[in-house]
Amino acid sequence: MPLLSVTDLRTYFHTRNGVYRAVDGVSFSVERGETLGIVGESGSGKSVTCYSIMGLIPRPPGRIESGSAMFDGVDLLRCSPRVARAIRGRRVSMIFQDPMTSLNPYMRISEQVIEPLLIHGRTTRREALVRALEMMEAVGINDAAKRIHYYPHEFSGGMRQRVMIAMALITRPELLIADEPTTALDVTVQAQILDLIRRLQSELGMAVIFVTHDLGVVAGLCDQVQVMYAGRIMETAGAEALFHGPLHPYTRALQRSIPALQPKGRELFTIPGLPPDVSKPMPGCAFVARCEHAAEACSAAVPALTEVSPGHSHACVRVLSGEIGEGA
């Protein structure tokens, strides 16, 4: 049985300008010890999916329209506030994308890092400070014994991101949701953080949902990958299968956009156009306006996510019908 199973999640934002379908029918599962990567352009619904699971969608204007998120027998979307508080921060932790808006500027770093341990009653204050120092050193903060008493504004952006990672990992959660956790870090520290996550996974059997724009990180870290666009899943597969045999045109376009994979001296490939306005009806494939293989059939109906081989599914009617071959 999966540790987390999300089924038909729909999160809409009801505004004066219309209803924005940020997440529109997303389903996936994560096993214990497994890493699921969620990739896609900005605005594709990756972060909103994670916030929905954590119960952090602002209401209003946000609303969970349908779906379930079963975590070890508990539906995180409909459980009581008391049950949610017992799970969040202890069994399920999240690393947020923007540390400056996630850290309290009026509290010292020490108070914020030990807070999850104290709230959930897992240790004394003295023991919590020892654990906090160990974790801050583990995420690469030098002179942690001194700097733990600093305020957030005394840290650089990368250092604040490391503090956020330490806060999320200090309770040794069963599920870690990482929303672009290494975006502000240099390559050396990024590798250090990824190694730390892998080590904790090995020790604790921790599951990870890793949201990122970096397909290289996904290739080296994740077991399963799902590609999102305009609130929908375009393709999902094992990491190796996805990178060596992508099927959906959007997945192929993302891979073609990786600068390191393009011939030297050539103009960098970019996906033409812009993502669609999710407040407008999309009767067919969401990618149709930007797809070089689009046909009339693509606009007829919303394509279902169809499994074409064990663990590999996509939502492209032309690939499914054989009109577009692998590697087209």
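This one's a predicted model, so the numbers in the text were calculated from it and none came from an experiment.
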Could you check whether any side-chain heavy atom of [X] comes within less than 4.5 Å of a side-chain heavy atom of [Y], counting everything from C-beta outward?
{"X": "E31", "Y": "L3", "answer": "no"}
{"X": "I165", "Y": "V139", "answer": "yes"}
{"X": "R199", "Y": "S202", "answer": "no"}
{"X": "F243", "Y": "V218", "answer": "yes"}
{"X": "M135", "Y": "L169", "answer": "yes"}
{"X": "V26", "Y": "Q226", "answer": "yes"}
{"X": "L133", "Y": "M136", "answer": "no"}
{"X": "D75", "Y": "R78", "answer": "yes"}

Is there a chain of hydrophobic side chains (I, L, V, M, F, W, Y, each step under 4.5 Å between heavy atoms) that links [X] to [Y]?
{"X": "V302", "Y": "V278", "result": "no"}
{"X": "L176", "Y": "I87", "result": "yes"}
{"X": "V317", "Y": "I233", "result": "no"}
{"X": "M107", "Y": "I119", "result": "no"}
{"X": "V83", "Y": "I177", "result": "yes"}

Are any side-chain N or O atoms of [X] and backbone N or O atoms of [Y], one a donor and one an acceptor, separated by less than 3.5 Å?
{"X": "S5", "Y": "P2", "answer": "no"}
{"X": "R10", "Y": "G67", "answer": "no"}
{"X": "T306", "Y": "A304", "answer": "yes"}
{"X": "S68", "Y": "M70", "answer": "no"}
{"X": "Q201", "Y": "M206", "answer": "yes"}
{"X": "R318", "Y": "H293", "answer": "yes"}
{"X": "D179", "Y": "I95", "answer": "no"}
{"X": "R290", "Y": "P272", "answer": "yes"}
{"X": "T251", "Y": "L247", "answer": "no"}
{"X": "S279", "Y": "G18", "answer": "no"}

Taking atom types as modelled, find out whether [X] and [Y] have a side-chain donor-acceptor pair closer than 3.5 angstrom.
{"X": "D277", "Y": "Y20", "answer": "no"}
{"X": "E180", "Y": "H213", "answer": "yes"}
{"X": "T236", "Y": "Q224", "answer": "no"}

Mind listing the closest non-hydrogen atom pair of [X] and [Y] along with its distance?
{"X": "V113", "Y": "A132", "answer": "CG1-CB, 3.6 Å"}
{"X": "V30", "Y": "E34", "answer": "CA-OE1, 3.5 Å"}
{"X": "P246", "Y": "H244", "answer": "CD-C, 3.6 Å"}
{"X": "G284", "Y": "P303", "answer": "C-CD, 4.0 Å"}
{"X": "P249", "Y": "F287", "answer": "C-CE2, 4.0 Å"}
{"X": "D223", "Y": "G33", "answer": "OD2-O, 4.2 Å"}

Using a strict 4.0 Å threshold on nitrogen-to-oxygen distance, state whether [X] and [Y] make a salt bridge.
{"X": "R147", "Y": "E154", "value": "no"}
{"X": "R131", "Y": "E137", "value": "no"}
{"X": "E235", "Y": "R252", "value": "no"}
{"X": "R125", "Y": "E111", "value": "yes"}

Starting at [atom1] of [X], measure out to [atom2] of [Y] and round the result to the nearest 0.5 Å.
{"X": "L117", "Y": "M167", "atom1": "CG", "atom2": "CE", "answer": "10.5 Å"}
{"X": "D143", "Y": "I148", "atom1": "CG", "atom2": "CD1", "answer": "11.5 Å"}
{"X": "F269", "Y": "R256", "atom1": "CZ", "atom2": "CZ", "answer": "4.0 Å"}
{"X": "L305", "Y": "S313", "atom1": "CG", "atom2": "OG", "answer": "5.0 Å"}
{"X": "L215", "Y": "I258", "atom1": "CG", "atom2": "CD1", "answer": "4.5 Å"}
{"X": "I114", "Y": "T123", "atom1": "CD1", "atom2": "OG1", "answer": "9.5 Å"}

| query | Would I271 and S257 satisfy side-chain contact (heavy atoms from CB on, under 4.5 Å), going step by step from the backbone distance to the final call? | reply | CA-CA 7 Å; I271 304 175; S257 300; 3.8 Å; yes
| Could R160 and F155 be counted as a cation-pi pair, given that NZ or CZ must be under 6.0 Å from the ring centre and within 45° of the axis? |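 No, R160 and F155 do not form such a contact.
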| request: Would you verify whether the NZ or CZ of R63 falls within 45 degrees of the ring axis of F13 while also being under 6.0 Å from that six-membered ring's centre? | output: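 No, cation not above the ring by the 6.0 Å, 45° rule.
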| field | Worked verdict on R88 versus M54 for side-chain contact (heavy atoms from CB on, under 4.5 Å) | value | CA-CA 7 Å; R88 283 200 305 257; M54 292 293 287; 4.0 Å; yes
| With respect to T11, which candidate in L77, D24, I64 satisfies the side-chain contact (heavy atoms from CB on, under 4.5 Å) definition? |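 Of the listed residues L77, D24, I64, the side-chain contact (heavy atoms from CB on, under 4.5 Å) partner of T11 is I64.
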| request: Pick out which of T171, I170, L175 makes a side-chain contact (heavy atoms from CB on, under 4.5 Å) with P173. | output: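 So, applying the side-chain contact (heavy atoms from CB on, under 4.5 Å) to P173 and each of T171, I170, L175, only T171 qualifies.
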| task | Could you check whether the rings of Y250 and H248 sit parallel, tilted or perpendicular, using 30° and 60° as the cut-offs? | result |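 Geometry flag for H248 against Y250: perpendicular rings.
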More than 12 heavy atoms of other residues, nucleotides or ligands under 6.0 Å from [atom1] of [X]: yes or no?
{"X": "E307", "atom1": "CD", "answer": "yes"}
{"X": "L274", "atom1": "CG", "answer": "no"}
{"X": "E203", "atom1": "CD", "answer": "yes"}

| message | Is there a side-chain contact (heavy atoms from CB on, under 4.5 Å) between F71 and V92? Walk through the geometry before answering. | response | CA-CA 9 Å; F71 174 77; V92 181; 3.6 Å; yes
| field | Audit row: L9, S52, side-chain contact (heavy atoms from CB on, under 4.5 Å) steps and yes/no | value | CA-CA 9 Å; L9 174 62; S52 300; 4.0 Å; yes
